[in-house]
Amino acid sequence: MFKKKDVTLIIAVLILAGLIAAFLRIYSGETGETVRIMIDGNEYGSYPLGEDSVIEIGNAFGYNRIVIENGEVFMQEADCPDQYCVEHKAISKTNETIVCLPHKLVVELHVQNREDDFDSIAQ
Amino acid sequence: MAKKVAYSAILVALAMIFSYVEVLIPFHFGIPGIKLGLANLVVVIALYLLKPSQAFSISVVRIVLVAFLFGSMPSMIYSLAGGVLSFTVMLLLKKSKGFSMMGISIAGGVSHNVGQLLVAAIVVENMSVFYYMPVLLVAGLITGMLIGIVAKKVCRHLRVAID
């Protein structure tokens with residue numbers, strides 16, 4: 001059923017997947033401090049993860065309601081056709097994102113003090 | 001010529017039905033956007049039974065028609081990106097010899113997912129969607145394998161019917 005090259009291909013894909021997964025795990029994964037919302041590649045706004053809040057966005061792409069609660073952020077409601085963003089679990093780490101593709105919206109998490117360090121060096 | 005057109009038309013129709021029926025099959029990894037890729041079964045078979053150009057047009061015509069019927073403009077762009085990339089990879093591997101239908105189908109499934117993810121990264125202008133890459137690679141591997149098993153079995157019978 002399998003030829004030699006098939007097996008090589010399968011192993012190569014598995015190794016690649018493993019490497020990317022390991023890289024993502026090492027590279028980031030600390031608890032985020034700031035919730036940043038990007039729309040169509042531009043920053044829409046930043047919100048502290050520590051404070052509970054509800055962010056409602058209504059624009060030409062559509063409607064999204066993002067909720068920050070107990071140190072986690074999730075998409076509570078969206079009028080996009082696929083609803084993948086609403087089904088996505090709540091996120092709290094810097095390597096996690098919630099993407100609402102039809103509305104070109106990305107919810108990311110960042111750590112604040114990194115940027116502060118840069119500022120203090122610049123001063 | 002007429003025979004060629006007839007085969008192409010039947011396969012396009014079959015691929016369209018597969019795209020439609022696929023929604024009804026419960027096959028979930030718990031990750032959004034992962035599908036079995038039943039329509040790819042038709043493309044893999046066409047690649048083996050017909051000319052590459054015919055197989056390619058079957059794949060593209062299927063995607064465009066399905067998008068017009070059930071999908072939308074954005075969904076067509078994702079499908080086309082995945083479809084064209086996976087077709088190119090499958091054709092190259094088939095030409096390079098040494099891969100069985102299984103390997104070709106796996107390469108197709110994996111590259112289809114990679115293509116869609118690339119377009120998604122461009123659309124949201126954000127690299128963070130690559131977080132899904134490992135899962136999508138493995139998912140493409142599994143779905144490609146399943147499609148490969150079926151394609152192999154079907155092809156054996158179809159070859160007899162066509163000749």
Side-chain angles (χ1 to χ4, degrees), chain A residues 1-25 27-29 32 36-44 61-62 75 80-89 91 93-110, chain B residues 23 28 30-34 70-75 77-78 89-90 93-94 96-111 113-114 116-117 119-142 144-145 148-149 151-153:
Chain A
M1 195 117 203
F2 290 98
K3 282 195 189 169
K4 214 174 178 181
K5 278 195 182 176
D6 296 341
V7 180
T8 317
L9 178 73
I10 293 169
I11 293 168
V13 171
L14 286 177
I15 290 175
L16 186 65
L19 281 180
I20 297 173
F23 176 78
L24 287 170
R25 193 163 276 261
Y27 170 69
S28 55
R36 190 177 293 166
I37 298 170
M38 309 287 286
I39 295 174
D40 203 7
N42 303 311
E43 179 168 347
Y44 174 85
F61 297 122
M75 186 76 66
C80 56
D82 54 32
Q83 295 290 304
Y84 290 151
C85 55
V86 179
E87 286 164 22
H88 200 291
K89 67 178 171 65
I91 61 170
K93 297 224 159 63
T94 52
N95 61 342
E96 296 176 311
T97 50
I98 297 176
V99 180
C100 182
L101 217 42
H103 296 173
K104 301 191 178 190
L105 187 148
V106 181
V107 181
E108 319 175 308
L109 286 154
H110 291 270
Chain B
V23 186
H28 298 294
I31 296 279
I34 291 178
F70 318 114
S72 56
M73 202 55 202
S75 77
I77 295 167
Y78 292 120
V89 170
M90 286 195 292
L93 287 193
K94 189 172 173 284
S96 80
K97 309 278 179 206
F99 289 97
S100 75
M101 232 170 156
M102 201 69 148
I104 304 285
S105 172
I106 289 169
V110 171
S111 53
N113 287 352
V114 171
Q116 292 204 320
L117 199 61
V119 174
I122 293 165
V123 168
V124 296
E125 291 175 35
N126 196 309
M127 287 298 130
S128 48
V129 292
F130 283 105
Y131 181 58
Y132 291 115
M133 190 63 110
V135 193
L136 285 174
L137 284 177
V138 176
L141 188 74
I142 296 167
M145 219 182 276
I149 294 169
K152 204 157 210 170
K153 289 202 185 294

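What you are looking at is a predicted structure, and each value in this text was computed from that prediction instead of being measured. Throughout, protein chains are lettered first and strands after them, A, B, ... in sequence-line order, and every chain is numbered starting at 1.
When all heavy atoms of B:Pro134 and A:Ala17 are compared, the pair lying nearest together is CB-O, 3.5 Å. Smallest separation of non-hydrogen atoms from B:Val123 and A:Asp40: O-OD1, 4.2 Å.
Of the atoms belonging to A:Leu19, not a single heavy atom falls under 4.5 Å from chain B. For a residue to count as touching a neighbouring chain, one of its non-hydrogen atoms must lie under 4.5 Å from one of that chain's; by this rule A:Leu9 touches chain B with the side chain only. A:Leu14 touches chain B through its side chain: at least one heavy atom from C-beta onward sits under 4.5 Å away, while N, CA, C and O do not.
To the nearest 0.5 Å, the span separating NZ on A:Lys5 from NZ on B:Lys97 amounts to 10.5 Å. For the atom pair CG of A:Asp6 and OG of B:Ser105, the computed distance is 10.0 Å after rounding to the nearest 0.5 Å. One distance of note links CG of B:Leu136 with CD1 of A:Ile20; it measures 10.0 Å at 0.5 Å rounding.
Per-residue counts of heavy-atom pairs under 4.5 Å with chain A were compared for B:Gly144, B:Gly98, B:Ser100, B:Gly103; the largest is that of B:Ser100. Ranked by heavy-atom pairs shorter than 4.5 Å toward chain B, the options A:Ile39, A:Val99, A:Asn42, A:Ile10 are led by A:Ile10.
Residues B:Phe99 and A:Lys4 form no side-chain contact, since every pair of their non-hydrogen atoms from C-beta on lies 4.5 Å or further apart.
Every residue two or more places apart in sequence or in another chain that forms a side-chain contact (heavy atoms from CB on, under 4.5 Å) with B:Ala151 is listed here: B:Leu41, B:Val44, B:Ile45, B:Met101.
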